[in-house]
Amino acid sequence: MLESNRNLHYAIVLTGGIACGKSSVADILKEAHFEVVCADTIAHRVLEECAMEIIAAFGENVRTKPLNANAESTITTPLIDRQALGKIVFSDPKKRALLESITHPRIYKQILAKASVLERKKQWYFLDIPLFFESGGMARYPVRYVVCVSAREEIQLSRLKSRNHFDTKYAKERIDAQMPTTQKEKQSTWILYNNGTKEELKQQVQTFIQTLDSMH
């Protein structure tokens with residue numbers, strides 16, 4: 001994990017299961033003045049860049065419907081209804097693989113482009129990649145270190161139902177579509193457990209930052 005031939009010497013991947021708290025950790029890191037490259041933000045942009053290809057593959061049901069049926073969509077209106085697309089792909093592994101074949105190469109390219117710029121600063125920065133291990137892990141992204149944000153499954157379910165208004169079945173499908181968090185933990189350098197309060201999580205992140213400071 002510490003090979004000297006890794007290309008991204010200052011990148012640390014931030015990953016973990018859905019609703020485990022990666023965004024909360026990312027926010028704490030930003031408050032501590034770390035740069036964070038968010039794969040989800042890039043993925044949302046890529047969905048729009050690939051909108052017509054995605055609509056051709058999955059049908060008109062994934063196209064965003066105008067609020068006014070008689071009005072034309074504006075440039076700022078997303079073309080892809082992410083919730084509708086999600087319901088299709090997270091219940092069908094083959095369709096999920098099809099979507100990933102369209103979007104992942106573009107997401108990967110944009111993440112590495114941002115990382116190459118940050119490498120020049122020679123300071124620690126983070127790549128927030130929820131599907132890091134599912135999309136190839138260290139074999140795909142040339143990093144040395146990985147932080148996994150973890151939470152018990154019952155807590156993930158509770159958060160998805162309250163935060164995203166998912167029913168239990170769909171929330172479970174979203175969790176099961178990812179690699180089990182316990183497997184991600186085994187392949188990570190550090191683990192942050194988010195089973196408690198925000199303050200407890202913040203204390204863990206601050207302790208982790210102190211570890212980073214000692215590594216310079």
Side-chain angles (χ1 to χ4, degrees), residues 1-3 6-44 107-108 110-112 114-138 140-164 171 174-175 177-216:
M1 192 174 294
L2 303 176
E3 296 91 344
R6 292 293 185 181
N7 296 325
L8 301 181
H9 297 287
Y10 298 95
I12 300 172
V13 165
L14 178 63
T15 193
I18 187 171
C20 281
K22 294 181 301 298
S23 295
S24 296
V25 172
D27 287 342
I28 297 168
L29 291 169
K30 290 174 187 175
E31 290 173 3
H33 306 295
F34 287 98
E35 296 273 6
V36 179
V37 177
C38 180
D40 276 349
T41 299
I42 292 173
H44 293 167
I107 295 169
Y108 172 73
Q110 292 188 29
I111 289 173
L112 287 191
K114 288 181 176 292
S116 67
V117 173
L118 292 173
E119 281 290 310
R120 299 169 195 162
K121 297 183 178 182
K122 297 186 177 182
Q123 296 176 345
W124 297 120
Y125 64 95
F126 292 84
L127 303 178
D128 180 353
I129 308 176
L131 299 180
F132 173 70
F133 292 114
E134 291 90 336
S135 60
M138 288 185 173
R140 185 166 176 78
Y141 291 92
V143 301
R144 295 185 292 168
Y145 305 119
V146 180
V147 178
C148 177
V149 186
S150 179
R152 295 192 301 271
E153 184 171 310
E154 63 267 26
I155 292 177
Q156 290 177 272
L157 281 169
S158 176
R159 288 172 181 162
L160 284 172
K161 290 164 71 174
S162 62
R163 182 189 73 188
N164 299 71
R174 292 295 298 265
I175 293 172
Q178 297 184 356
M179 177 188 293
T181 307
T182 52
Q183 290 187 26
K184 296 185 179 187
E185 291 177 12
K186 292 176 183 177
Q187 300 178 65
S188 299
T189 319
W190 296 281
I191 305 168
L192 302 174
Y193 294 100
N194 186 24
N195 296 311
T197 65
K198 289 183 179 179
E199 184 57 36
E200 288 170 338
L201 178 64
K202 188 170 185 177
Q203 290 174 358
Q204 286 189 72
V205 177
Q206 288 172 341
T207 299
F208 162 66
I209 290 172
Q210 291 173 0
T211 301
L212 282 185
D213 289 340
S214 69
M215 291 169 59
H216 273 296

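The shown structure was predicted, so the numbers you read here are calculated from the model rather than taken from an experiment. Only heavy atoms go into these numbers, but all of them, side chains included; no hydrogens, no water, no symmetry mates. We count residues from 1, following the sequence as given.
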Interatomic spacing from [atom1] in [X] to [atom2] in [Y] - rounded to 0.5 Å:
X	Y	atom1	atom2	result
R144	N7	CZ	CG	11.5 Å
K22	I129	NZ	CD1	11.5 Å
K202	S24	NZ	OG	11.5 Å
D40	I107	CG	CD1	8.5 Å
T181	Q156	OG1	CD	4.5 Å
F133	K186	CZ	NZ	12.5 Å

Where [X] and [Y] come nearest, the two heavy atoms and their spacing:
X	Y	result
L118	V37	CD1-CG2, 3.6 Å
A151	N194	CB-O, 3.6 Å
T15	P130	OG1-O, 3.0 Å
I42	Q110	CG2-OE1, 3.6 Å
A115	L127	CB-CD2, 4.2 Å
I191	E185	CD1-CB, 3.6 Å

Is [X] reaching over with its side chain to a backbone N or O of [Y], donor-acceptor style, under 3.5 angstrom?
X	Y	value
S158	E154	no
Y108	S135	no
S150	Y193	no
Q183	P180	no

Could you go step by step and tell me if F34 and W124 meet the ring pair (Phe, Tyr, Trp, His ring centres under 6.0 Å) rule?
CA-CA 7 Å; F34 287 98; W124 297 120; 8.8 Å; no
Evaluate L8 against L112 for side chain to side chain contact (heavy atoms under 4.5 Å, CB included), listing each step before the verdict.
CA-CA 9 Å; L8 301 181; L112 287 191; 4.0 Å; yes
Does some side-chain heavy atom of [Y] sit less than 4.5 Å from a side-chain heavy atom of [X]?
X	Y	answer
I12	L212	yes
C148	F132	no
Y145	M215	yes
L160	I175	yes
L192	V147	yes

Geometric class of the F208/W190 ring pair [parallel <30°, tilted 30-60°, perpendicular >60°]:
perpendicular
Residue pair M138, V146: steps toward the side chain to side chain contact (heavy atoms under 4.5 Å, CB included) verdict:
CA-CA 9 Å; M138 288 185 173; V146 180; 3.6 Å; yes
In plain terms, say whether E134 and K184 are close enough for a salt bridge, that is, a side-chain N and a carboxylate O under 4.0 Å apart.
yes
